[in-house]
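What follows is a short report on a single structure.
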Amino acid sequence: MENPITSKKLKTIEEAMSLIKSGDRILVSGFGNSGDPKQLVAALSKQPIKDLTIISNDLGSPGIGLGALLTAGMVKKLIGNYYNWNPEVAEAFNAGKIDVELVPQGSFAEGIRAAGVGVAAFYTPTAAGTELSKGKDEREFNGRKYILQEAIKADVALISAAKSDTLGNLVYHKTARNFNPLMAMAAELVIAEVGEIVPAGTFDPECIATPHIFVDVLVRRG
Amino acid sequence: MENPITSKKLKTIEEAMSLIKSGDRILVSGFGNSGDPKQLVAALSKQPIKDLTIISNDLGSPGIGLGALLTAGMVKKLIGNYYNWNPEVAEAFNAGKIDVELVPQGSFAEGIRAAGVGVAAFYTPTAAGTELSKGKDEREFNGRKYILQEAIKADVALISAAKSDTLGNLVYHKTARNFNPLMAMAAELVIAEVGEIVPAGTFDPECIATPHIFVDVLVRRG
Amino acid sequence: MFQMDEESAKIRIVKRIAREFMEMSAEKNLFVNLGVGTPTMVADYVKSDNVFLQAENGMLGVGPAAEPGKEDPLLINAGRVKVTETSGCAYFDSATSFGMIRGGHIDATVIGAFEVDQEGNVANWIIPNGKQLGVGGAMDLVAGAKKVYIAMPHTNKKGQPKLVEKCALPITGYGEVDVVVTEYALFRFKEGKMVLEEIAPEITLDELKEVTAAEFVVSENLGVLAE
Amino acid sequence: MFQMDEESAKIRIVKRIAREFMEMSAEKNLFVNLGVGTPTMVADYVKSDNVFLQAENGMLGVGPAAEPGKEDPLLINAGRVKVTETSGCAYFDSATSFGMIRGGHIDATVIGAFEVDQEGNVANWIIPNGKQLGVGGAMDLVAGAKKVYIAMPHTNKKGQPKLVEKCALPITGYGEVDVVVTEYALFRFKEGKMVLEEIAPEITLDELKEVTAAEFVVSENLGVLAE
């Protein structure tokens with residue numbers, strides 16, 4: 001493509017990767033192969049960094065997607081909700097190689113949003129009394145048991161959008177939206193992989209799913 | 001208008017009003033004369049009911065908008081954040097005629113959303129240590145003081161939208177959105193005053209601000 | 001005792017639940033979240049314009065699976081099936097989607113289970129064998145949906161009861177089950193009791209008790225489990 | 001002692017803050033929420049494409065006030081002024097809007113105050129006289145914005161200091177103030193101390209101390225308060 005539209009926030013994928021360091025807590029969006037930043041994840045899996053905490057719905061498959069980070073030994077801890085598609089997770093956990101914190105998917109989504117909006121913790125009935133409530137404060141409201149879920153924040157968020165405008169406003173495509181708008185709010189540094197960049201003013205102001213205030217870096221999907 | 005588009009959820013304003021009863025907790029949207037359901041509020045102020053708890057950003061002006069409910073003696077309690085435009089509120093409060101619970105606007109918005117999404121309460125730093133934290137639990141997270149704000153739920157929500165589709169999906173106009181999508185989630189019965197009803201499928205599915213699951217009754221703005 | 005083949009059992013179960021949803025939606029819209037596997041089949045038998053499917057990955061108004069060649073890889077349901085849109089559908093983020101579920105806006109969810117006990121507790125998220133680490137949205141759904149329907153075979157692959165006195169597996173939600181439908185029976189939890197409301201025409205009450213380890217009450221109006 | 005007329009004082013204050021915002025936005029975008037009244041005037045003096053105004057009633061990218069006859073009554077800022085859109089602006093609900101503020105995404109807020117004390121506490125929401133019952137977004141803004149700028153006259157209408165040892169009025173936020181700009185001085189709170197960084201050219205340090213009841217440190221690089 002000749003002379004594509006650019007943005008002050010646009011970086012190469014290499015520049016974007018240089019902003020991520022060992023020990024970082026990293027939010028990665030996506031659900032079931034939809035809405036995940038595939039190129040950012042592929043690039044991340046080749047970085048010479050380690051001890052990462054990966055906060056994501058799942059961890060892809062063995063060696064594939066986020067799974068490649070675990071295969072490459074870059075992961076210290078996982079926070080998420082569904083690792084049944086990647087048996088390497090349970091193996092690594094059982095072998096004591098990584099820590100895994102399972103959070104029910106709704107508490108996970110709400111916990112990420114909480115971090116983004118300045119809520120430190122919230123009471124939810126989900127998982128009350130179950131094995132996943134261990135170590136969490138319990139309290140009754142109107143006769144029902146609730147547990148305290150803390151906010152889930154991160155150093156970096158890697159997200160994916162259909163399009164960005166030059167300011168960094170994002171729109172998504174159908175169920176690829178999932179965790180993206182939430183994760184965009186919950187990290188110090190937000191890197192968005194986008195399919196296209198259009199001039200500011202292109203999107204209907206009523207339909208911007210992620211306002212540009214939440215987006216730091218854009219990487220154009222290759 | 002001849003043969004306007006209808007909806008299973010469409011009722012007359014009288015039918016809608018018949019669903020509200022004395023003692024109800026009622027959420028009413030709007031901020032500064034934008035996004036408030038003017039016709040629903042005008043009709044409500046003429047109902048023979050009382051002991052209402054009105055949960056709204058403000059209370060209009062004396063005798064005007066929601067102010068008419070107070071003037072008419074229908075109010076038992078107010079929950080909101082800004083009553084300086086209506087001096088009758090402070091007068092009635094000082095005279096012991098009504099109860100007033102002031103909640104900072106952000107805690108108010110987040111508290112209404114919390115009710116809508118099944119969160120019983122959440123920790124916020126807003127108002128910690130101030131007069132508005134009285135009676136609220138306090139707790140430290142990472143060395144900062146937070147207070148526990150409980151969810152703000154209601155029996156009825158009166159909201160306003162630019163357009164509805166026949167299913168009850170809603171879209172708003174600019175800053176008239178404000179509390180509407182939140183209040184639509186937080187009440188047992190949600191009555192929306194809408195400017196126009198269009199066929200389902202008209203709205204871009206990416207741009208629906210309030211999905212129809214949250215809307216019970218539509219009233220067409222006259 | 002009468003044995004039903006697996007496929008026929010599934011169809012009987014989902015048709016029965018589909019009928020209930022059609023009845024429930026006669027007067028008002030019904031919003032339903034269907035779990036992966038057998039529960040998803042309920043949609044195939046619901047003939048009603050008033051039933052709307054929600055997928056927890058961020059969609060209200062989920063349509064049927066996409067025809068081969070017409071799939072949009074980014075448009076999926078929570079079971080990762082490539083689906084289609086219905087007229088008036090909407091997309092939203094995962095917090096809003098679980099807000100619908102957790103906030104009590106979803107009228108019913110249908111899920112499978114490893115075990116359900118007579119207290120209405122359900123275990124369906126993990127069999128502790130060290131090989132599984134996943135909960136997904138199961139706990140959110142049982143805690144949040146207004147009514148929890150369990151669609152499962154009456155016994156496990158070893159022929160042992162899945163309706164038990166007390167769940168041995170890790171619990172997904174306590175006292176959250178409303179209705180259990182198997183190929184043999186329909187039970188409802190009412191005021192803390194598990195009540196048999198319908199029994200399959202091919203078996204006797206004694207036979208049912210043989211394969212049910214949970215204590216239950218028989219409804220005064222015991223009916224026939226019909227599709 | 002030199003007295004400045006009210007309008008000139010306001011302009012000096014808002015121009016000084018506007019200059020700071022232009023400097024802060026040279027390298028990166030700056031997101032700002034302006035309070036009602038004098039703070040709103042800051043926008044008139046910010047010449048930068050990198051400064052974006054947020055209104056807590058649900059808008060990012062607030063433009064200037066609408067021209068008479070071209071107002072949209074539903075498009076207002078938090079001060080109920082009918083405003084305009086900028087290119088790339090966005091609308092959202094109040095919880096998302098306050099999420100931006102409370103989540104620490106707004107770089108700076110400018111507000112007025114009744115009192116600021118030497119601990120960085122600010123009182124700006126109520127004068128207890130029984131006639132006012134309102135807090136609005138004041139507490140959210142001071143707790144949530146990364147930097148809190150106070151734009152206020154140095155003394156109240158009775159000529160008494162508004163910079164005090166300890167706020168007597170109900171507090172809006174504890175230790176939240178970062179910068180105070182008056183017609184006489186610019187103070188920054190640094191490591192628990194209130195530091196005088198700039199003083200108006202028309203007055204002496206002793207004169208400033210006369211009208212300031214808060215204890216403050218004088219910066220080693222004391223500058224002149226220039227617009």
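Reminder, nothing fancy here: chain letters follow the sequence lines and each chain counts from 1.
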Give, for atom CD of A/Q47 and atom OG of A/S22, the distance between the pair rounded to the nearest 0.5 Å. 10.0 Å

Listed by number, the residues in residues 201-211 of chain B that come under 4.5 Å of chain A (heavy atom to heavy atom) are B/E206, B/C207

Non-hydrogen atoms of chain A under 4.5 Å away: do they reach the side chain of B/V171, the backbone, both or neither? neither

Need one label for B/R139: side chain, backbone, both or neither, based on atoms under 4.5 Å from any heavy atom in chain A. side chain

Inter-residue atom distance B/L66.CG - B/I54.CD1, 0.5 Å rounding: 6.0 Å

Value rounded to 0.5 Å, distance of OG in A/S164 from NZ in A/K9: 7.5 Å

Side chain of A/R25, backbone of A/K153: donor and acceptor closer than 3.5 Å? yes

Residue part contacting chain A, namely of B/E150, when any heavy atom lies under 4.5 Å: side chain

Any donor-acceptor pair under 3.5 Å from A/Q39 side chain to A/G222 backbone: yes

Can you check whether A/S107's main-chain N or O pairs, donor with acceptor, with A/T126's side chain at less than 3.5 Å? no

Under 3.5 Å, side chain of A/R221 to main-chain N/O of A/E193, donor-acceptor pair present? yes

Tell me, for A/R144 versus chain B, whether the close heavy atoms (under 4.5 Å) come from the side chain, the backbone, both or neither. neither

What I want to check is whether the side chains of A/S160 and A/D36 have a donor and an acceptor closer together than 3.5 Å. no

